[in-house]
Structure formats: structure tokens, C-alpha cells
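Letters A, B, ... mirror the listed sequences (proteins, then strands); counts begin at 1.
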Amino acid sequence: MRLVTWNVNSLGARMPRVFELLEQLDPDVVCLQETKVTPGAFPHMEFAMAGYAAVEHSAGRWNGVALLVREDLEVDRVVRGLEGEPDVAEARWIEARVGGVQVVSTYVVNGRTPDHPMFAAKLDFFAAARDRARTLVAGGPTVIAGDLNVTRDDRDVWDPRAFVGATHVTPEERAHFEAILAVGLADAWRVVEPDAVGFTWWDYRAGAFHKNLGMRLDYALVSRHLGVRHVLVERSFRKNNQVGDKPSDHAPLVVDLERHERH
DNA sequence: ATGTCACGCTGGGCGTGA
């Protein structure tokens with residue numbers, strides 16, 4: 001199974017690039033975040049024409065998550081929202097079982113600054129995600145993918161010194177990340193690339209992409225039922241394409257999974 | 001690093017969030 005996770009920073013603005021990705025990478029499943037789709041306005045028909053079914057959790061101007069599933073795969077057990085999350089109306093979590101694999105697309109609360117009320121909400125979201133992850137992993141093969149808005153460790157940020165007093169690097173956020181892994185999930189990128197820099201996000205400003213001032217914020221967390229064969233950050237999608245379609249500030253993470261049951 | 005992008009509201013800039 002080929003799974004892609006991508007924060008598109010508005011699906012409406014990124015449709016040409018999403019179709020480009022479907023054509024180039026032929027994924028089985030795409031986990032989308034920050035779709036920013038008005039409820040009722042998701043472009044289901046356009047994806048059907050491209051051979052993909054979509055399930056979505058949409059909240060309008062902000063956030064929004066979705067799953068695109070190639071039409072030959074069965075989709076069932078769709079769940080929108082995360083039990084115990086601070087505000088389900090923010091549309092930050094969607095699940096479905098895809099070809100027998102439980103797949104989540106999530107967009108974790110940014111947190112703004114460590115002293116902001118949204119930072120406490122971020123930690124609460126992580127805790128709810130950990131509880132749900134535990135249930136999912138006990139239920140079978142599971143992938144939790146998305147923009148987790150945290151760097152796992154200092155290798156995942158271009159310069160830790162630039163982040164003193166900021167979010168995405170704090171011990172609290174990182175402890176919550178490890179607690180999710182501890183229910184029985186592996187960080188797919190690190191399974192294959194124990195040392196490589198794997199940035200997935202670069203600020204639009206200040207030529208950050210060109211200077212590789214990035215962070216690894218996008219993850220696929222996979223249960224032990226699934227082997228990881230290959231991982232790739234598709235950096236071409238962080239650049240303009242040949243006809244000038246603009247990029248998201250995130251690049252897609254591509255993960256090739258192999259099922260092999262272990263006990 | 002603070003040089004951008006996208007949205008909604010509006011009727012061409014501003015406020016918001018990242």
C-alpha cells in the first residue's frame with residue numbers, strides 16, 4: 001500500500017498540484033490536511049473523475065482533513081472527529097478503514113506560543129490522540145498520518161537555537177509525541193532513515209526552502225502489523241510546477257507499506 | 001530568517017492564522 005500525507009494549505013488553491021500528485025505517484029491513499037473547504041463544497045466529483053473516492057471532515061476557512069482512496073479499495077468505518085479533543089468543530093481528525101487498514105488523517109493544533117491557551121489545547125489534543133491510537137492499534141493494522149505540528153527531536157529542526165521560547169520543539173510536545181508512539185506505533189521515516197534530515201515544511205518567507213530552513217512536522221505512524229518498505233519526501237511539490245501552479249508550504253511524505261502480521 | 005500565502009468580507013485592502 002502506498003500512502004501519502006500532505007498538508008496542502010487549502011485544497012481549493014492546490015487542486016492542480018493534488019491531481020499532479022495522483023498522476024505521478026499513483027497512491028492508494030492520500031491523507032490531506034488544511035483543506036480549508038467550506039462544508040458541502042468538497043470537490044468529490046473531480047476526484048471521482050480521477051479515480052478516487054474522498055471522505056472529509058471540513059470546517060470552512062480553517063483546518064479541515066480528508067482521505068482520498070483509489071476506487072479499487074474498500075472504504076468503511078468512517079469516523080469524523082476525535083473523542084476528547086478540545087473542539088470537534090475544528091475538523092482536525094478523520095478515520096476510515098481502507099482495504100482493511102485503519103487510516104487517520106490529522107492536523108494537530110498549532111499552539112501559537114507556549115503561554116497561549118491554544119498551547120494547552122494542543123497538549124490536550126495530543127493526549128486524546130494517544131488514547132484513540134491505543135484503541136486503534138489494539139483493533140488491527142493502523143496508520144496515523146498528518147501534520148503533527150511537532151519536531152520529534154533536534155534533528156528535525158534546522159536550528160534549535162532559533163526556537164528558544166517557541167512551540168514545535170518543547171519537551172512537553174515531544175513527550176506527547178513519544179507517548180503516541182508508545183502505544184505501539186513506529187515513525188515510518190525514522191524506520192527507514194535513522195539519521196537523514198527529513199524536513200517536510202519550510203516557511204514561505206525569507207527564502208526558507210532555498211536555504212533548507214525547514215522542520216519535519218509531517219509523519220506517518222504505523223503499527224507493527226505493517227512493514228515500512230520505502231519513504232520519500234517529494235520536495236518537487238514544494239516548488240512551483242512548470243505551468244506556475246503554486247506549492248503548499250509542506251511537501252508530501254510518501255510511505256510504501258507492506259502488510260505482514262506479527263504477534 | 002520574519003522577505004509569504006490563503007481565506008472571508010468586501011467591492012481592493014485589511015484582519016486572521018500559520
Side-chain angles (χ1 to χ4, degrees), chain A residues 5-21 31-43 46 56-66 85-93 105-126 145-151 154-170 173 177 197 199-219 233 235-241 243-253:
Chain A
T5 182
W6 193 14
N7 179 324
V8 291
N9 183 21
S10 171
L11 183 59
R14 217 64 61 210
M15 284 295 271
R17 305 307 299 268
V18 176
F19 285 120
E20 185 183 3
L21 181 141
C31 302
L32 298 174
Q33 302 89 36
E34 284 206 85
T35 54
K36 301 183 178 178
V37 170
T38 302
F42 196 95
E46 289 90 331
E56 42 136 350
H57 188 24
S58 303
R61 183 178 186 187
W62 306 118
N63 316 317
V65 287
E85 71 177 304
D87 183 358
V88 69
E90 289 192 342
R92 295 179 177 278
W93 181 281
S105 177
T106 185
Y107 174 51
V108 170
V109 177
N110 174 287
R112 303 194 190 177
T113 57
D115 58 356
H116 194 280
M118 286 295 278
F119 187 77
K122 180 179 195 173
L123 302 186
D124 290 345
F125 189 95
F126 276 131
D147 177 358
L148 302 188
N149 260 326
V150 61
T151 55
D154 281 350
R155 295 173 297 170
D156 301 322
V157 54
W158 79 89
D159 184 358
R161 292 170 300 182
F163 279 82
V164 174
T167 58
H168 296 65
V169 301
T170 65
E173 290 163 276
F177 180 95
V197 170
F199 298 160
T200 61
W201 172 88
W202 301 261
D203 200 301
Y204 281 123
R205 295 167 289 189
F209 180 68
H210 183 67
K211 292 183 266 189
N212 200 26
L213 305 181
M215 294 199 284
R216 188 165 75 102
L217 303 181
D218 299 273
Y219 299 82
V233 178
R235 295 170 57 107
S236 65
F237 287 91
R238 184 58 182 77
K239 307 171 185 173
N240 280 6
N241 67 7
V243 293
D245 294 317
K246 290 179 178 178
S248 170
D249 47 353
H250 293 251
L253 172 66

Output every pair passing side chain to side chain donor-acceptor pair (under 3.5 Å) with a member in residues 31-42 of chain A, not counting sequence neighbours, ordered by first then second residue. A:Thr5-A:Gln33, A:Asn7-A:Glu34, A:Asn9-A:Lys36, A:Gln33-A:Ser105, A:Glu34-A:Tyr107
Sequence neighbours left out, what passes side-chain contact (heavy atoms from CB on, under 4.5 Å) with A:Pro114? Give chain and number order. A:Thr167, A:Thr170
Under 4.0 Å from any atom of DNA chain B, heavy atoms only: list the residues of residues 204-211 of chain A that qualify, in numerical order. A:Tyr204, A:Arg205, A:Ala206, A:Lys211
Would you say [X] reaches [N]'s phosphate, i.e. side-chain N/O to OP1/OP2 under 4.0 Å?
X	N	answer
A:Thr38	B:dC7	no
A:Arg14	B:dA6	yes
A:Lys246	B:dT4	no

A:Phe163 or A:Gly111, whichever maps to the more 5' nucleotide of DNA chain B: A:Phe163
Upstream residue (5' side of DNA chain B) when A:Ala162 and A:Asn149 are each assigned their closest nucleotide: A:Ala162
Here the distance between atom P of B:dA18 and atom CG of A:Asn9, to the nearest Å, is 11 Å
Qualifying salt bridge (charged side-chain N to carboxylate O under 4.0 Å, His left out) pairs with a residue from residues 157-167 of chain A, counting only residues at least two apart or across chains: A:Asp159-A:Arg161
Tell me, please, which residues at least two apart from A:Trp201 pass side-chain hydrogen bond (donor to acceptor under 3.5 Å, both in side chains). A:Asp249
With sequence neighbours left out, what residues match A:Asp218 under salt bridge (charged side-chain N to carboxylate O under 4.0 Å, His left out)? none
